[in-house]
Amino acid sequence: MKENNKIILFDGVCNLCNNSVLFVIKRDKKDLFRYASLQSEIGQQLVRERGIDTSQVDSIILIERGVAYFTKSDAALEIAQDLGGLWKLSSVFSWIPKSIRDVVYDFVARNRYKWFGKKESCMVPTPELRAKFLG
C-alpha cells in the first residue's frame, strides 16, 4: 500500500455498499483507494484503533493516513472529490449542513438491505482487484 492511499471501510454484505465500491474502483484513475469490509479482521482493527462505534456508523468510513477519518455523508463527499472530474461538483452538497446530509444518509443506510438486498457473506474480489483490498 502506498503512503497516500486512503482506505474505504464498507459493509461487505450490503449489495449497495459492494456496488458503490465497484463504482469507485472503476473511476479511481489515480489508484488512490484501498478497501476492507467492516466485517473483516483488518476492518475491525482499523475501527477499534480509531474508537469508532459501529453501532452508530455501519456503512462507510474513509480513513486518511495522518489526517483523520470521515463517516457517512462526509465520507461519500470526500471520496467523490478524490475521483476528480465531474465528481468534484459534488462539493455543492457540502454547503448543506452535515446534520441534514446525515439524516438523508442514515435513512438510506437503514433501508439499504430492504431496498438493495444483502449477501450471506462478504464480497470476494476478483484476482484482478485483489491487490486493492486489505487483509
Side-chain angles (χ1 to χ4, degrees):
M1 196 163 105
K2 295 183 286 190
E3 189 142 326
N4 68 332
N5 284 134
K6 299 177 181 187
I7 301 168
I8 297 175
L9 298 179
F10 65 100
D11 179 351
V13 298
C14 165
N15 287 336
L16 174 62
C17 304
N18 283 309
N19 288 331
S20 297
V21 164
L22 294 173
F23 178 91
V24 171
I25 287 171
K26 278 187 195 173
R27 289 156 183 82
D28 182 17
K29 304 298 183 215
K30 297 180 254 176
D31 193 33
L32 183 61
F33 298 107
R34 294 298 175 262
Y35 310 87
S37 75
L38 285 164
Q39 293 87 348
S40 69
E41 209 171 290
I42 187 76
Q44 288 295 301
Q45 176 188 337
L46 291 166
V47 164
R48 271 193 313 275
E49 287 172 358
R50 286 155 185 80
I52 299 169
D53 180 358
T54 54
S55 71
Q56 299 297 311
V57 181
D58 67 347
S59 53
I60 190 169
I61 300 167
L62 175 66
I63 297 172
E64 290 188 27
R65 285 203 179 159
V67 177
Y69 63 87
F70 302 93
T71 61
K72 300 184 180 189
S73 64
D74 282 346
L77 289 174
E78 288 288 328
I79 292 166
Q81 290 298 298
D82 285 330
L83 292 178
L86 290 176
W87 295 106
K88 286 210 173 265
L89 295 176
S90 66
S91 66
V92 301
F93 293 108
S94 64
W95 297 343
I96 299 169
K98 177 177 173 46
S99 58
I100 294 171
R101 283 186 280 122
D102 281 350
V103 165
V104 174
Y105 184 94
D106 288 339
F107 177 73
V108 173
R110 263 192 318 276
N111 291 288
R112 68 187 187 270
Y113 296 144
K114 183 173 25 171
W115 295 342
F116 300 98
K118 182 178 177 178
K119 299 179 184 310
E120 290 300 315
S121 60
C122 291
M123 170 179 70
V124 177
T126 63
E128 304 86 53
L129 297 181
R130 185 72 203 120
K132 294 182 176 291
F133 286 78
L134 305 176

Quiz item: Does the side chain of Val47 come within less than 4.5 Å of Tyr69's, by heavy atoms?
Solution: no
Quiz prompt | Min side-chain heavy-atom separation Phe133-Ile25 under 4.5 Å | solution = yes
Exercise. Provide the closest heavy-atom pair for Ala36 versus Leu134 in the form atom of the first, atom of the second, distance.
Key: CB-CB, 4.3 Å
Quiz item: For the hydrophobic clusters of this structure (ILVMFWY residues joined by side-chain heavy atoms under 4.5 Å, transitively), does one cluster hold both Trp87 and Ile79?
Solution: yes
Quiz prompt | Set of ring pair (Phe, Tyr, Trp, His ring centres under 6.0 Å) partners for Phe10, sequence neighbours left out | solution = none
Self-check item: hydrophobic_cluster_shared for Ile100 and Val108, side chain cutoff 4.5 Å
Solution: no
Quiz item: If two hydrophobic side chains count as joined below 4.5 Å and joins carry through other members, does Leu46 share a cluster with Ile52?
Solution: yes
Quiz item: When you look at Ile96 and Val104, which way does the side chain to side chain contact (heavy atoms under 4.5 Å, CB included) test go after all the steps?
Solution: CA-CA 11 Å; Ile96 299 169; Val104 174; over 6 Å; no
Quiz item: Excluding sequence neighbours, so at least two apart, what forms ring pair (Phe, Tyr, Trp, His ring centres under 6.0 Å) with Phe93?
Solution: none
Practice problem: Report yes or no: do Gln45 and Glu49 form a side-chain donor-acceptor pair below 3.5 Å? | Solution: yes
Self-check item: Lys132 and Asp31, any side-chain heavy atoms less than 4.5 Å apart
Solution: yes
Quiz item: In this structure, which one of Val21, Leu9, Leu22 forms a side-chain contact (heavy atoms from CB on, under 4.5 Å) with Tyr35?
Solution: Val21
Self-check item: Residue list, ring pair (Phe, Tyr, Trp, His ring centres under 6.0 Å) with Tyr105, at least two apart or on another chain
Solution: none
Quiz item: Who are the ring pair (Phe, Tyr, Trp, His ring centres under 6.0 Å) partners of Trp115, not counting sequence neighbours?
Solution: Phe107
Self-check item: All salt bridge (Lys or Arg N to Asp or Glu O under 4.0 Å) counterparts of Asp28, not counting sequence neighbours
Solution: none
Practice problem: Using the salt bridge (Lys or Arg N to Asp or Glu O under 4.0 Å) rule, collect all pairs that involve residues 89-100, keeping only residues at least two apart or in two chains. | Solution: Asp74-Lys98, Lys98-Asp102
Quiz item: Okay, side chain of Asn18, backbone of Gly12: is any donor-acceptor separation there less than 3.5 Å?
Solution: yes
Quiz item: Say you draw a straight line from CG of Leu38 to SG of Cys17; how long is it, rounded to the nearest 0.5 Å?
Solution: 8.5 Å
Quiz item: So, do Arg112 and Asp11 sit near enough that their side-chain heavy atoms are less than 4.5 Å apart?
Solution: yes
